[in-house]
Amino acid sequence: MSIKVTALPAALGATVEGLDADRLDDEVAAELREAFWAHKVLFFPQIHLTDEEHVALGSLFGDLAAVSNDDTDHREHHTVDDEGKILVLDSSNAYSRANFWHTDVTFARQPPLGSLLSMKESPPSGGDTMWANTQAAYEGLSDPIKAALEGVIARHGRAGLTEFTDHPAITVHPETGQRILFVNRGWTSSLQGMSHLESRSLLALLCDHMEQPEYVVRWRWSDGDAALWDNRCTMHYAINDYGADHRRIHRVTIYDPSGAGPVAAAPAA
C-alpha cells in the first residue's frame with residue numbers, strides 16, 4: 001500500500017490519501033508516525049473509518065482510552081465500544097461543544113499523547129475545527145520572554161471540574177527534541193512563583209500569542225473525514241457556529257504506554 005502525504009499551506013497539518021485502514025502494516029505505520037511528528041495534525045479526507053479501523057489506526061501511536069485516565073474530570077460522556085476506547089461527542093450535549101482554545105486533559109499527570117477523531121455527521125455549514133502549532137508559537141516568542149519562562153512551572157486545572165497538576169511551561173517533544181510552549185487558555189490556571197497580576201498578565205500574553213492566525217490551521221469537515229493530532233505540541237478549538245444543526249463524532253484518545261508525562265526542556269544554551 002502506498003500513501004500520499006501532502007503538507008497544507010499553513011503553520012501545521014497535512015492530508016493523507018491512499019490509506020487502507022484495514023491493512024496497516026509496519027511500513028505504513030512507520031510512514032504515518034514520521035508524518036505525524038513532522039506535521040502535528042494529519043487529515044484523512046473521506047476515509048469513513050469503522051469503529052474497528054478507528055481503534056486499529058489509533059493503536060499504532062499508543063494505548064487508547066475514551067477520554068482520560070483520571071476519574072476527577074466530571075464532564076459527562078459515554079462510550080460506544082465494550083472496552084471504553086471510543087468516545088461519542090454529540091452536539092446535543094453541551095459538553096461536546098469545546099469552543100475554546102485548549103490542549104486536552106493537561107490537568108492530569110499524564111496528558112494524552114494525541115487523539116484520532118472520526119467525523120460521523122457534520123453540519124451542513126460551520127462546525128470547523130482549528131489547531132494551533134505551539135512549537136512554532138514558542139519559536140516566535142522574543143528572547144526576553146523565552147528567558148522569563150525558563151524553569152517556570154504552570155498549574156493546570158479548574159476548581160470543581162478537574163484535579164490540579166503542575167507541568168513545565170516549556171516542554172520538549174520526546175521524538176523531535178523541539179521546545180514547546182505548554183500552556184493553554186482552557187486549562188492553565190496560573191504560573192507558579194509569580195504574583196497573581198504577573199501570572200494573569202503573562203498567561204494572557206502567551207495565550208494571545210499562541211492563538212494568532214499565523215500559527216493556526218482550520219479544517220472544514222465532511223462526513224467520513226478523520227483527523228489525528230499530536231496533543232503535546234498543539235491546541236485546538238471546535239468552532240460553535242452551527243446553531244441547532246447536528247454534529248456527531250467518534251474519538252479515541254491516545255496515551256504513551258510508558259506512562260510518561262510532559263518532558264521538561266533543558267535550560268537554553
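No hydrogens, no waters, no symmetry mates; every other heavy atom, side chains included, goes into these values. In this text the structure is predicted, and so the values were computed from the model without any measurement.
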State, without any angle test, whether [X] and [Y] hold a side-chain donor-acceptor pair at a distance under 3.5 Å.
X	Y	answer
S190	Q192	yes
T103	N231	no
H167	H156	no
D90	H246	yes
H173	Q178	no

Check: [Y] and [X] side chains under 4.5 Å, non-hydrogen atoms:
X	Y	result
I254	D63	no
E121	I249	no
E139	R179	no
I145	H209	no
L60	R33	yes
F44	L19	yes
T129	I239	no
V172	I180	no

Ignoring hydrogens, what is the shortest heavy-atom contact between [X] and [Y]? Give both atom names and the distance.
X	Y	value
G13	F43	CA-CE1, 4.3 Å
S222	Q46	CB-NE2, 3.2 Å
P111	P262	CD-CD, 3.5 Å
L116	A226	CD1-CB, 4.4 Å
H39	A14	CG-CB, 3.6 Å

Tell me whether the rings of F100 and H102 are parallel (<30°), tilted (30 to 60°) or perpendicular (>60°).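 Tilted.
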Should the pair R232-E175 be classified as a salt bridge under the 4.0 Å nitrogen-to-oxygen rule?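 Answer for the salt bridge query: yes.
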Rounded distance (nearest 0.5 Å) linking atom [atom1] of [X] with atom [atom2] of [Y]:
X	Y	atom1	atom2	answer
T106	W187	OG1	CH2	7.5 Å
C233	Q135	SG	CD	6.5 Å
W229	W131	CH2	CH2	6.0 Å
L24	L57	CG	CG	6.0 Å
F182	T188	CZ	OG1	8.0 Å

Under a single-linkage definition using a 4.5 Å side-chain heavy-atom cutoff for Ile, Leu, Val, Met, Phe, Trp and Tyr, are I47 and L32 assigned to the same hydrophobic cluster?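 Result: yes, single cluster for both.
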Under the salt bridge (Lys or Arg N to Asp or Glu O under 4.0 Å) test, residues paired with R185 that sit two or more places apart: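 Testing R185 for salt bridge (Lys or Arg N to Asp or Glu O under 4.0 Å), a comparison that skips the adjacent residues, returns D208, E211.
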Go through the structure and list residues passing salt bridge (Lys or Arg N to Asp or Glu O under 4.0 Å) with R218, not counting sequence neighbours.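 With neighbours one apart ignored, the set is D128.
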Apply the test side chain to side chain donor-acceptor pair (under 3.5 Å) to residues H48 and D225: give CA-CA distance (whole Å), side-chain angles for both, the deciding distance (0.1 Å), then the verdict. CA-CA 6 Å; H48 292 282; D225 289 354; over 6 Å; no
Decide if the gap between the ring center of F36 and the ring center of F61 is smaller than 6.0 angstrom.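 Yes, they do, as the ring centres are separated by less than 6.0 Å.
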Donor-acceptor contact present, side-chain R158 to main-chain E163, <3.5 Å: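 No, R158 side chain to E163 backbone: no donor-acceptor pair under 3.5 Å.
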Under the 3.5 angstrom rule, does the side chain of R155 hit a backbone N or O of L191 as a donor-acceptor pair?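 Side chain of R155 to backbone of L191: no pair is present.
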